[in-house]
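Structure record follows, encoded as structure tokens.
Only heavy atoms go into these numbers, but all of them, side chains included; no hydrogens, no water, no symmetry mates. Proteins get letters first, then strands, A, B, ... in listed order; numbering begins at 1 in each.
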Protein chains: 2
Amino acid sequence: MSATHTGVTTPGEPIVSCADDCGIREVLDRIGDKWSVLVVVELAHGVRRFRELQRAVDGISQRMLTLTVRRLERDGLVSRTVYPTVPPQVEYKLTELGHSLTHLLQAMTEWSAAHREAIAESRRRWDAEHPDSDIR
Amino acid sequence: MSATHTGVTTPGEPIVSCADDCGIREVLDRIGDKWSVLVVVELAHGVRRFRELQRAVDGISQRMLTLTVRRLERDGLVSRTVYPTVPPQVEYKLTELGHSLTHLLQAMTEWSAAHREAIAESRRRWDAEHPDSDIR
DNA sequence: CGGGATCCGACACGATACTG
DNA sequence: CAGTATCGTGTCGGATCCCG
């Protein structure tokens with residue numbers, strides 16, 4: 001209802017509809033970090049143990065895997081099951097909530113695939129036109 | 001093709017399909033920062049000048065708005081038009097590529113709206129069960 | 001108005017060592 | 001195996017000053 005919007009909403013566009021934030025930042029604060037989506041993607045393939053996850057994700061440190069999987073568990077996206085064996089065995093799997101996220105990740109994958117080349121070319125052109133820029 | 005996947009893919013799930021990354025991290029590296037999506041959302045409403053953007057986004061510093069809008073321009077999501085008037089006038093608008101992103105942001109908004117309460121409750125329960133935790 | 005240049009703190013992340 | 005604890009570092013972002 002603010003009177004500051006002078007622009008005309010493009011008709012037919014799926015305008016993100018809320019005045020300011022929407023919940024986008026909430027989503028990004030949750031999965032926008034370096035490892036969460038990769039862990040979720042791996043868990044989308046099935047149940048995984050800790051070391052299996054670490055081997056699968058490639059590059060993730062023990063510490064970051066622990067932190068990532070803890071946060072996902074806290075948010076209810078991943079469930080953690082401990083079997084009191086020796087040596088210990090811990091299994092991780094997506095919850096229903098976690099599975100619902102894979103639809104969104106699918107959409108992100110498709111958008112990336114569809115536009116990555118256009119973006120790459122835009123970057124090349126921009127970099128050529130701005131040889132000395134610290135933006136990168 | 002790796003033989004390390006022992007888990008069975010849940011049938012009917014929109015599995016993110018690629019072995020490892022998919023392009024998800026590319027997308028997040030582009031819009032996963034603190035301000036990009038907010039700027040894109042604001043520009044989805046129409047053409048905006050620099051100060052208009054800064055007032056609309058709320059909380060963004062001059063420096064970060066400059067950086068954010070430069071990167072978006074470099075990636076071809078936003079176009080920048082300079083009118084050599086005095087005082088200077090610069091207009092920003094989404095490109096076709098930028099508009100295509102709004103569909104994805106719409107999906108993120110809907111997912112957030114649909115599950116934010118479930119996530120919030122999961123957090124409350126987790127925090128209650130783990131009173132002393134540095135995970136947060 | 002629309003920036004650029006500089007300084008600085010916070011935090012995300014990585015590396016390493018240790019443990020039940 | 002599945003973590004925890006500690007330390008070090010790079011980068012992101014905020015604050016401030018300056019300029020055409």
Side-chain angles (χ1 to χ4, degrees), chain A residues 4 6 25 28-39 42-43 47-75 78-93 126 130-136, chain B residues 4 6 25 28-39 42-43 47-75 78-93 126 130-136:
Chain A
T4 57
T6 57
R25 280 252 40 98
L28 290 180
D29 288 343
R30 214 149 265 130
I31 67 165
D33 67 303
K34 190 171 182 179
W35 299 109
S36 289
V37 292
L38 302 180
V39 170
E42 179 59 25
L43 286 179
V47 175
R48 293 288 185 272
R49 297 179 58 173
F50 188 87
R51 301 296 297 200
E52 285 180 320
L53 270 179
Q54 188 173 10
R55 277 187 292 267
V57 169
D58 180 68
I60 194 171
S61 65
Q62 212 165 34
R63 166 183 144 83
M64 287 315 295
L65 180 55
T66 301
L67 286 177
T68 300
V69 88
R70 280 291 173 283
R71 286 194 283 248
L72 290 174
E73 188 196 3
R74 181 169 104 103
D75 291 343
V78 162
S79 70
R80 177 174 175 270
T81 309
V82 181
Y83 298 96
T85 60
V86 47
Q89 178 170 351
V90 180
E91 284 184 353
Y92 295 94
K93 62 189 287 286
W126 199 94
H130 307 261
D132 44 356
S133 174
D134 39 351
I135 301 291
R136 252 288 204 145
Chain B
T4 57
T6 57
R25 280 250 43 97
L28 290 180
D29 289 342
R30 214 150 265 130
I31 67 165
D33 67 305
K34 189 171 181 179
W35 300 110
S36 289
V37 292
L38 301 180
V39 170
E42 180 59 24
L43 286 179
V47 175
R48 293 287 186 274
R49 297 179 58 174
F50 188 86
R51 301 298 295 201
E52 285 181 319
L53 270 179
Q54 188 172 10
R55 278 188 292 267
V57 169
D58 181 67
I60 194 172
S61 66
Q62 211 165 34
R63 166 183 145 84
M64 287 316 296
L65 180 55
T66 301
L67 285 178
T68 300
V69 87
R70 279 291 173 284
R71 287 193 281 247
L72 291 174
E73 188 197 2
R74 182 168 102 102
D75 291 344
V78 162
S79 71
R80 178 173 175 268
T81 310
V82 182
Y83 298 96
T85 61
V86 48
Q89 178 170 351
V90 180
E91 283 184 353
Y92 294 94
K93 63 190 287 287
W126 199 94
H130 306 263
D132 43 355
S133 174
D134 39 350
I135 301 290
R136 252 273 212 173

Below 4.5 Å, heavy atoms only, C-beta onward: do A:Q62 and A:R51 meet side chain to side chain?
yes

At under 4.0 Å, does any side-chain N or O of [X] touch on OP1 or OP2 of [N]?
| X | N | value |
| --- | --- | --- |
| A:R63 | C:dA17 | no |
| A:R51 | D:dA2 | no |
| B:Y92 | C:dC1 | no |
| A:R48 | D:dA2 | no |

d(CD, B:E52; C1', C:dG3) in whole Å:
16 Å

Just the rounded figure in Å: distance from P of D:dC18 to CD of B:Q62.
14 Å

Counting side-chain heavy atoms from C-beta on, which of [options] comes nearest to [X]?
| X | options | value |
| --- | --- | --- |
| B:M64 | D:dC1, D:dG13, C:dC13 | D:dG13 |
| B:T66 | D:dC1, C:dC1, C:dG4 | C:dG4 |
| B:W35 | C:dG3, D:dG14, C:dG14 | D:dG14 |
| A:P88 | C:dG20, C:dG3, D:dG3 | C:dG20 |

For A:W35, run the side-chain contact (heavy atoms from CB on, under 4.5 Å) check against A:L72, A:T68, A:L67 and tell me which one passes.
A:T68

